[in-house]
Q: 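Handing you a structure now.
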Amino acid sequence: MPEGHTLHRLARLHQRRYGRAPVRVGSPQGRFSDGAALIDGQVLRKADAWGKHLFHHYAGERVVHIHLGLYGTFTEFSTVDIPDPVGQIRMRMVGADYGTDLRGPTRCEVITEAEVPDVVAKLGPDPLRPDADPSRAWNRITKSRKSIGALLMDQSVLAGVGNVYRSELLYRHHIDPLRPGTTISGDEFDAMWTDLVALMKVGVRRGKIIVIRTEDDHGAPAYGPGRPRTYVYRRAGEACRVCDTEVRTTVLEGRNLFWCPTCQT
DNA sequence: GCTAAATGTTGAT
DNA sequence: TCAACCTTTAGCT
């Protein structure tokens, strides 16, 4: 579910479903009642994402700021048959033809347009945004002695990369996750950024993380029905798809990292 | 049917 | 460093 591609996909969907029209907003669970009251019935001007943050811009300078966290989800329903609220629904939006329920977010709050830049200021460049400036990420990485595996997860370095893209990107570029940022060359970074932009666009389009795409990708089998989508993520102890070495795992920055010690040196 | 872990972040200790 | 958030799913029985 939620790495950056998920949020961009949701922004695109919400824009299409609810954009430029009044939306009914409520909080069946109650924890977002005050916020919902501020925007209920207003026009949603635009839905937008930056990294893992989602913004619903309403008329009247109000913005709903959402972060899904680890298990936040949106589920959609048709307004032909509006379901009774089930479980803990933080926010329910109802438009003309579709509605959606938000459950389990880390953050769901109403802020002002003027506060949006404060949120974005804490985030590095987002590979999915056309205006992204990769040199901001490069400047952080090349000056840091922290490992590249840790830096990729830092949202102030790169916005939108999560635990799956981290492991998979490093695998695709034959980079040992424990190498310090200072040892990453400009060419290596440029190649990773370019790849990340392409991989995350696939993620938005397909709604899932697919990093094995063609047969010439490291000799692994091409993606297709029933074919694997990743090289190393959650494959600890299994054979590397390319060299047969056992995939290893360790905890880095509080999350499980996966890599092939032979392919990534 | 039950348990553990999960694509993430925040705030307390 | 760890609990909390509170849902879904994978893997077992």
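Everything quoted here is computed from the prediction, not taken from an experiment. These values consider heavy atoms only, across backbone and side chains, with no hydrogens, waters or symmetry-generated copies. Convention: sequence-line order gives letters A, B, ...; per-chain numbering from 1.
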Q: Give the nucleotide from the list dT8(C), dT7(B), dC5(C) with an atom nearest to the side chain of His5(A).
A: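 Closest of the options to the side chain of His5(A): dT7(B).
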
Q: Using the side-chain heavy atoms of Arg90(A), tell me which of these nucleotides is nearest: dT8(C), dG8(B), dC5(C).
A: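 Taking heavy atoms from C-beta onward, the closest nucleotide is dC5(C).
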
Q: CG of Leu102(A) versus C1' of dC5(C): gap in Å, rounded?
A: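 Taking CG of Leu102(A) and C1' of dC5(C), I get 13 Å after rounding.
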
Q: By the 4.0 Å heavy-atom rule, please label Arg166(A) as base, sugar-phosphate, or nothing.
A: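 Touches nothing.
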
Q: Give the rounded distance in Å between these two atoms: CD of Glu253(A) and P of dG8(B).
A: 13 Å

Q: Let me know which of Thr250(A), Val247(A), Val232(A) forms a side chain to side chain contact (heavy atoms under 4.5 Å, CB included) with Trp259(A).
A: Thr250(A)

Q: Checking contacts here: which listed nucleotide (dT7(B), dT9(B), dT7(C)) is nearest the side-chain heavy atoms of Gln155(A)?
A: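 Comparing dT7(B), dT9(B), dT7(C) against the side chain of Gln155(A), the answer is dT9(B).
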
Q: Within the 4.0 Å heavy-atom criterion, would you say Tyr165(A) contacts the bases, only the backbone, or no part of the nucleic acid?
A: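 Nothing: the residue Tyr165(A), judged by heavy atoms under 4.0 Å, touches no strand.
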
Q: Mind calculating the distance between CG (Asn163(A)) and P (dA5(B)) to the nearest angstrom?
A: 15 Å

Q: Measure the distance from CZ on Arg235(A) to P on dG11(C) and round it to the nearest whole Å.
A: 13 Å

Q: Can you check whether Asn256(A) has a side-chain N or O nearer than 4.0 Å to OP1 or OP2 of dA6(B)?
A: yes

Q: C1' atom, dT7(B) versus dT1(C): distance in rounded Å?
A: 23 Å

Q: Between dT7(B) and Lys52(A), is there an OP1 or OP2 to side-chain N/O distance shorter than 4.0 Å?
A: no

Q: Between Arg166(A) and Glu253(A), does at least one N-O distance fall below 4.0 Å, as a salt bridge requires?
A: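 No salt bridge links Arg166(A) with Glu253(A).
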
Q: So which nucleotide from dT9(B), dT7(B), dT7(C) ends up closest to the side chain of Ile209(A)?
A: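 Nearest to the side-chain atoms of Ile209(A), counting from C-beta on, is dT7(B).
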
Q: Can you work out whether Thr106(A) or Thr75(A) has the more 5'-proximal nearest nucleotide on DNA chain C?
A: Thr106(A)

Q: Using the P atom as the point on both nucleotides, what is the distance between dA3(C) and dA4(B), in whole Å?
A: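 One P to the other, the span is 15 Å.
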
Q: What heavy-atom pair brings Thr79(A) and Gly95(A) nearest, and what distance separates the two atoms?
A: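 Between these two residues, the closest heavy atoms are CG2-O, 3.5 Å.
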
Q: Nearest nucleotide by nearest heavy atom, which residue falls closer to the 5' end of DNA chain C, Ile89(A) or Arg234(A)?
A: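 Result: Ile89(A).
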
Q: In whole Å, what is the span from the CD1 atom of Ile66(A) to the C1' atom of dG8(B)?
A: 15 Å

Q: Can you give each donor-acceptor pair under 3.5 Å made by side-chain atoms of residues 145-152 of chain A, sequence neighbours left out, with the distance rounded to 0.1 Å?
A:
from: Ser147(A); atom 1: OG; to: Ala150(A); atom 2: N; distance (Å): 3.2

Q: Go nucleotide by nucleotide along DNA chain B from the 5' end; which of Gly69(A) and Arg107(A) gets its closest nucleotide reached first?
A: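 With Gly69(A) and Arg107(A) compared, the 5'-side residue is Gly69(A).
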
Q: Just the rounded figure in Å: distance from P of dA6(B) to CG of Leu257(A).
A: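 Value for this atom pair: 13 Å.
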
Q: Between dT9(B) atom C1' and Leu70(A) atom CG, what is the distance in whole Å?
A: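 Going from CG in Leu70(A) over to C1' in dT9(B) covers 9 Å.
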
Q: Write down the atom of Tyr233(A), the atom of Thr230(A), and the distance for their closest heavy-atom approach.
A: O-OG1, 4.2 Å

Q: Tyr71(A) OH to dT10(B) P: how many Å, rounded?
A: 15 Å

Q: In whole Å, measure the gap between the P atoms of dC2(C) and dA5(B) for me.
A: 15 Å

Q: For Gln29(A), answer base if it contacts any base atom (sugar-phosphate contacts may also be present), sugar-phosphate if it contacts only those atoms, and nothing otherwise; contact means non-hydrogen atoms under 4.0 Å.
A: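 Since only primed, P, OP1 and OP2 atoms lie under 4.0 Å of Gln29(A), the category is sugar-phosphate.
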
Q: Say we look at dT10(B) and dT8(C): how far apart would their P atoms be, to the nearest angstrom?
A: 23 Å

Q: So, His56(A) versus Tyr18(A), ring centres under 6.0 angstrom or not?
A: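 Centroid separation for His56(A) and Tyr18(A): 6.0 Å or greater.
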
